[in-house]
Number of protein chains: 2
Amino acid sequence: MPKTSVEYCTGTDDHARQWDHRAGCEVRTVLDRVSDKWSLLALSYLSERSHRFSELRRKIDGVSQRMMTVTLRQLERDGLVLRTVHPTVPPRVDYELTPLGANLHQTIQVLSSWSEQHEAEIAAARAAYDARISAVSA
Amino acid sequence: MPKTSVEYCTGTDDHARQWDHRAGCEVRTVLDRVSDKWSLLALSYLSERSHRFSELRRKIDGVSQRMMTVTLRQLERDGLVLRTVHPTVPPRVDYELTPLGANLHQTIQVLSSWSEQHEAEIAAARAAYDARISAVSA
DNA sequence: CCGCATCCGATAGGATACTG
DNA sequence: CAGTATCCTATCGGATGCGG
């Protein structure tokens, strides 16, 4: 019984009302799934074509076997990825996006585009902020 | 000198190329800022109007004073929020979205809408998955 | 080949107490 | 009122080793 983030929605009445009214509750479901270290890359590669486990693991540089498994399981649980086990020896497992997963991937591209367009602005803001802080503490 | 996630982009050549080509690097900058526990709510409230510190803290149910400060500092550092200190006694500090912050908030609404539209689908997938798992282990 | 279990370090975030 | 500093816990994710 994996833990989810429903607690944000099911706390006190005020708590629940806060999230419901602000439409901030539902987006957390998605954000909590997608904002981890590897999900985004997995979705990205799977959006091109289906991959088997090791193939995906090789492409996603730096991921441990454990996290590759965990990540794919979570995506599968949320209906974003379909897992197909071929009963061969050695075993072969294929992963592909579901329509829902492909749909989400498209939606995330919007945020991705925004990030690319505004990254310089953010970097500049950070540099300015850090300079300001250094100046104060100096 | 706060730590960022640039490490994802500046690792080995392969590592960097991976992110650059897949447009997955830039979006992490934004995702890492916005996917924490409180940033989204802060952006949401500030998108309506400016708030002073305690006012915002009262609205965001459950946030500790520490995390309210930390969250706002991060948003400020990235140029999403403007912080104005009024040198009165007692002190008064106002927070408001910058144009960049407002812009980002709008962009996130896209993801938020998607989440609302597909939440039932995700919930169903989870229920089905969990049922399947329970059945296996039983 | 794929996945699970275990251990372990790093980090996020809560509680509390203290300053200007 | 707004912020800082300290401490403490829970969770994330990496490393390694075993099993089907």
Side-chain angles (χ1 to χ4, degrees), chain A residues 1-5 7-8 11 15 28 31-42 50-77 81-96 133 136-137, chain B residues 1-5 7-8 11 15 28 31-42 50-77 81-96 129 132-133 136-137:
Chain A
M1 196 86 69
K3 219 189 99 183
T4 64
S5 288
E7 59 190 76
Y8 294 127
H15 210 157
R28 282 237 69 95
L31 219 49
D32 286 344
R33 175 59 61 248
V34 142
S35 67
D36 63 46
K37 197 168 176 181
W38 306 110
S39 290
L40 217 58
L41 270 175
S50 73
H51 287 68
R52 47 187 305 189
F53 185 88
S54 297
E55 191 182 13
L56 199 54
R57 175 152 153 60
R58 271 190 302 274
K59 285 199 181 182
I60 301 182
D61 192 82
V63 70
S64 64
Q65 190 177 36
R66 175 178 135 73
M67 289 316 296
M68 189 75 263
T69 305
V70 169
T71 301
L72 288 169
R73 281 294 182 287
Q74 289 174 335
L75 294 172
E76 187 195 3
R77 186 171 108 96
V81 157
L82 182 65
R83 176 170 176 267
T84 311
V85 183
H86 298 92
T88 59
V89 181
R92 173 199 178 96
V93 183
D94 281 319
Y95 292 91
E96 61 189 308
I133 298 302
V136 169
S137 62
Chain B
M1 197 85 69
K3 219 189 100 184
T4 63
S5 287
E7 61 191 74
Y8 294 126
H15 210 155
R28 282 237 68 94
L31 218 50
D32 287 344
R33 175 59 62 249
V34 141
S35 66
D36 63 46
K37 198 168 175 181
W38 307 110
S39 290
L40 218 58
L41 270 175
S50 73
H51 286 68
R52 46 188 304 190
F53 185 89
S54 297
E55 190 183 12
L56 199 55
R57 175 153 152 59
R58 271 191 302 272
K59 285 199 182 182
I60 301 181
D61 192 82
V63 69
S64 65
Q65 190 177 34
R66 176 178 133 74
M67 287 318 294
M68 189 76 262
T69 303
V70 168
T71 301
L72 287 169
R73 280 294 184 287
Q74 289 174 335
L75 294 172
E76 187 197 3
R77 187 171 106 97
V81 158
L82 182 64
R83 176 171 175 268
T84 312
V85 183
H86 298 92
T88 59
V89 181
R92 173 198 179 95
V93 182
D94 281 318
Y95 292 90
E96 61 188 309
Y129 181 92
R132 209 145 51 76
I133 298 302
V136 169
S137 63

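Order of the sequence lines fixes the chain letters, A, B, ..., with proteins taken first and strands second; residue numbering starts at 1 for each chain. Note that the coordinates shown come from a computational prediction; the quantities given were computed from them, not determined experimentally.
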Could you tell me how far apart B/Asp36 (CG) and D/dC12 (P) are, to the nearest whole angstrom? 15 Å
Could you check how far CG of B/Asp61 sits from P of C/dG14, rounded to whole Å? 12 Å
Taking C/dG13, D/dG14, D/dA2 as options, the one with an atom nearest any side-chain atom of A/Lys37 is D/dG14
For A/Gln74 and D/dC12, give me the distance from atom CD to atom C1', rounded to whole Å. 10 Å
Atom of B/Leu31, atom of A/Val34 and distance for their closest heavy-atom approach: CD2-O, 3.9 Å
What one should report as the nearest heavy-atom pair of A/Arg57 and A/Met68 is CA-SD, 3.8 Å
Look up atom CD1 in A/Ile60 and atom NZ in A/Lys37, then write down how far apart they are to the nearest 0.5 Å. 12.0 Å
Round to the nearest Å and state the distance from B/Ile133 atom CD1 to C/dG3 atom P. 12 Å
Identify each atom pair where a protein N or O and an N or O of nucleotides 3-7 of chain D are less than 3.5 Å apart, giving names and distance.
from  : atom 1 : to      : atom 2 : distance (Å)
D/dG3 : OP1    : B/Arg83 : NE     : 2.8
D/dG3 : OP1    : B/Arg83 : NH2    : 2.6
D/dG3 : OP1    : B/Tyr95 : OH     : 3.0
D/dG3 : OP2    : B/Tyr95 : OH     : 3.1
D/dG3 : N7     : B/Gln65 : OE1    : 3.2
D/dG3 : N7     : B/Gln65 : NE2    : 2.8
D/dG3 : O6     : B/Gln65 : OE1    : 3.0

Between C/dG3 (P) and A/Arg52 (CZ): distance, integer Å: 10 Å
Among D/dG13, D/dG20, D/dC1, which is the nearest nucleotide to the side chain of A/Met67? D/dG13
Closest contact, heavy atoms only, B/Asp36 versus B/Arg33: OD2-O, 3.0 Å
Whole-Å distance, B/Leu56 CG to D/dC1 C1', equals 14 Å
Protein-nucleotide distance (A/Met68, atom CE; D/dC12, atom C1'), rounded to Å: 16 Å
Value in whole Å for how far the P atom of C/dG13 lies from CG of A/Asp32: 11 Å
Which residue lies more 5' along DNA chain D, comparing A/Pro91 with A/Val63 via nearest heavy atoms: A/Val63
Pair A/Phe53, A/Leu72 - check side-chain contact (heavy atoms from CB on, under 4.5 Å), show working. CA-CA 9 Å; A/Phe53 185 88; A/Leu72 288 169; 4.0 Å; yes
Starting from the C-alpha separation in whole Å, work towards a yes-or-no answer on side-chain contact (heavy atoms from CB on, under 4.5 Å) for A/Tyr95 and A/Glu76. CA-CA 9 Å; A/Tyr95 292 91; A/Glu76 187 195 3; 5.5 Å; no
Nearest heavy-atom neighbours spanning A/Ser50 and A/Glu96: CB-CB, 3.7 Å
Side chain of A/Trp38 only, heavy atoms from C-beta on: which candidate in D/dG20, D/dA2, D/dG14 is closest? D/dG14
